[in-house]
Peer 1: 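One structure is given below, represented as structure tokens, and several questions about it will come after.
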Amino acid sequence: MTEHVADVTAAAPLPELPSPEFPAPWPDRDALRITRVRAIVTAPEGPPLVVVRVDTSEPGLYGLGCATFTQRFHAVAAAVDQHVGPLLIGRHPADIEDITRMVHFSSYWRGGPVLNSALSGVDQALWDIAGKRAGMPVHELWGGRVRAAADTYLHAGGATAEETIEEAAAILALGYRNVRLQVGAPGLGHYGAPGSPGGYPGSPYPDGWDVQRYLRDTPGLFERARRELGEEPGLMHDVHSRLAPKQAIALARSLEPYRLFFLEDPIAPEFYDRLPEVRAAAPMPIAAGEQVSSVTDAARLIRDGGVDLLRLHVSAVGGATPTRKLVALCELTGVGTAWHSPADVSPVGAAANVALDVTTPAFQIQEGHVYPDVVHEVFPGTLGPVNGYLYPNQAPGWGIDLDEKLAAEHPPLTHLHERWSTRVRRPDGGIEAP
């Protein structure tokens, strides 16, 4: 666990500046005030998790929010501690809408995953406080449940199709009804699956990833999956943004006989203006939006017909408050939700995802992750699947706490993701989307 202080190098000491004092609107409010805001970074499972803690003037009343941008956690923590946090001191924690708008506009150049993750941590922490003050779980503050729990899927990935199918069968045997399938390739392998011996000898980069081989091999994985796993399981696949639009259409059509639940992120976010074209030609639902870091961009995906399922990393767009507005737009346009929630979403963020899932008819499926015991110890109250379903906590707020002493025993490692992603290249040596 780390708490961040700005590292400033200067020829001479900087002058002492008075603590910032920002006017708090609504002087008619009661005496409850925000007294401290800080980022806490811990990595009990490996990926760095960023959590924001907001303390108040009422003893023991605090909130936790997920601000995880695992690849740039130092930047998020600095944004929280040095820029965003001071804006909140003296504010009433109930003014969530005003505070989130203030934080969003305060940087002038707003948005982006760093600032939005910082905002998300604050936003979710304020909702946690609101639930604790009311003595209610957050999902009840949002109108209550429209379903008992969120259906989930897990990931199966092996170096070969045989290994992937074996892992998928084991997942289904645990009571899950849905599984995402990824298979490796010679050399470095594909996203979500290990590589296998062989590679591309004689190439400038023999451990590279070859798009044509991927397009040839992926349909075979799903043919075998349907043959061995049966017709009932929901099957997904993540392209991870590696195809051109026409290649994505070709892959989607080749997978038509296997009735995918969805095809995920078929093209890179830089080309999202062509997602409607891909979606119109694809015979299965298209899920995308994991790399979107703007509410406006997410709204365009919904409005312009680019997605069947909106798949956000909720922290990247600013937290629960803006996401709930996107959920309302999904409800009005027939788009489903399928939030991003692997190991690089904190248990606090996972609880927020489930609260969103159970309070909207737009929900379709939730990415699941089985946190190891050490995460449950650091984050008491961490959700775990029951027969493939995630149930929301019934405790006030998110129902998640953070043991800071244990969190400190798991410091984050910088460049964990980059050590892998910088090696993802094609056989000719050209860098590929990780």
Peer 1: Taking NZ, NE, NH1 and NH2 as the nitrogens, is one of them in R426 or D210 under 4.0 Å from a carboxylate oxygen of the other?
Peer 2: no

Peer 1: Does a donor on one side chain and an acceptor on the other come within less than 3.5 Å for Q291 and S241?
Peer 2: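 Side chains of Q291 and S241: pair found under 3.5 Å.
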
Peer 1: Determine which pairs satisfy ring-ring contact (aromatic ring centres under 6.0 Å, His included) with at least one residue from residues 333-363, sequence neighbours left out, and list them in order.
Peer 2: H313-H340

Peer 1: Write down the atom of P412, the atom of P48, and the distance for their closest heavy-atom approach.
Peer 2: CB-CB, 3.8 Å

Peer 1: Any non-hydrogen side-chain atom of E331 less than 4.5 Å from a side-chain atom of T360?
Peer 2: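 Heavy-atom side-chain distance check passes, below 4.5 Å.
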
Peer 1: Test side-chain contact (heavy atoms from CB on, under 4.5 Å) on T164 and Q182; report intermediate values, then the result.
Peer 2: CA-CA 7 Å; T164 299; Q182 310 292 134; 5.9 Å; no

Peer 1: Which pairs, with at least one residue in residues 38-58 and sequence neighbours excluded, count as a ring-ring contact (aromatic ring centres under 6.0 Å, His included)?
Peer 2: none

Peer 1: Compare all side-chain heavy atoms of N178 with those of P233 and state whether any distance is below 4.5 angstrom.
Peer 2: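 Sidechains of P233 and N178: no contact.
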
Peer 1: Taking the six-membered ring where the residue is Trp, are the ring centres of W127 and W142 under 6.0 Å apart?
Peer 2: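 Between W127 and W142, the centre distance is under 6.0 Å.
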
Peer 1: Please report the C-alpha distance between T68 and D344 in whole Å, then the side-chain angles of each, then the deciding distance to 0.1 Å, and finally whether the side-chain hydrogen bond (donor to acceptor under 3.5 Å, both in side chains) criterion is met.
Peer 2: CA-CA 7 Å; T68 302; D344 58 0; over 6 Å; no

Peer 1: How far apart are the C-alpha atoms of D304 and R300, what are their side-chain angles, what is the distance that settles it, and do they pass the salt bridge (Lys or Arg N to Asp or Glu O under 4.0 Å) test?
Peer 2: CA-CA 6 Å; D304 297 345; R300 289 192 183 108; 5.6 Å; no

Peer 1: Determine which pairs satisfy side chain to side chain donor-acceptor pair (under 3.5 Å) with at least one residue from residues 369-385, sequence neighbours left out, and list them in order.
Peer 2: E45-H369

Peer 1: Rounded to the nearest 0.5 Å, how far apart are CD of Q366 and CG of L356?
Peer 2: 9.0 Å

Peer 1: Give a yes or no answer on whether the side chain of T56 reaches the backbone of Y62 with a donor-acceptor pair at less than 3.5 Å.
Peer 2: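 Such a contact is absent between T56 side chain and Y62 backbone.
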
Peer 1: Residues two or more places apart in sequence or in another chain: which of them pass salt bridge (charged side-chain N to carboxylate O under 4.0 Å, His left out) with D401?
Peer 2: none

Peer 1: Is the shortest side-chain heavy-atom distance between E264 and M236 below 4.5 Å?
Peer 2: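 Sidechains of M236 and E264: no contact.
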
Peer 1: Look at E404 together with R53 and state whether they make a salt bridge at an N to O cut-off of under 4.0 Å.
Peer 2: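 Looking at R53 together with E404, the answer is yes, because their closest N to O distance falls below 4.0 Å.
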
Peer 1: Taking 4.0 angstrom as the limit, do E231 and R259 come out as a salt bridge?
Peer 2: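 Looking at E231 and R259, the cut-off is met.
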
Peer 1: Before you tell me yes or no, could you show the steps for I286 and L275 under side-chain contact (heavy atoms from CB on, under 4.5 Å), namely the whole-Å CA-CA distance, both residues' side-chain angles and the distance that decides it to 0.1 Å?
Peer 2: CA-CA 9 Å; I286 297 297; L275 258 181; 4.1 Å; yes

Peer 1: Residues in ring pair (Phe, Tyr, Trp, His ring centres under 6.0 Å) with Y214, at least two apart?
Peer 2: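 For Y214, the residues satisfying ring pair (Phe, Tyr, Trp, His ring centres under 6.0 Å) (neighbours in sequence not counted) are H190, W209, H237.
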
Peer 1: The criterion is ring pair (Phe, Tyr, Trp, His ring centres under 6.0 Å); which residues satisfy it with H155, sequence neighbours excluded?
Peer 2: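 In terms of ring pair (Phe, Tyr, Trp, His ring centres under 6.0 Å), with neighbours along the sequence ignored, H155 is linked to Y153.
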
Peer 1: Would you call K325-E97 a salt bridge at under 4.0 Å N-O?
Peer 2: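 Answer for the salt bridge query: yes.
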
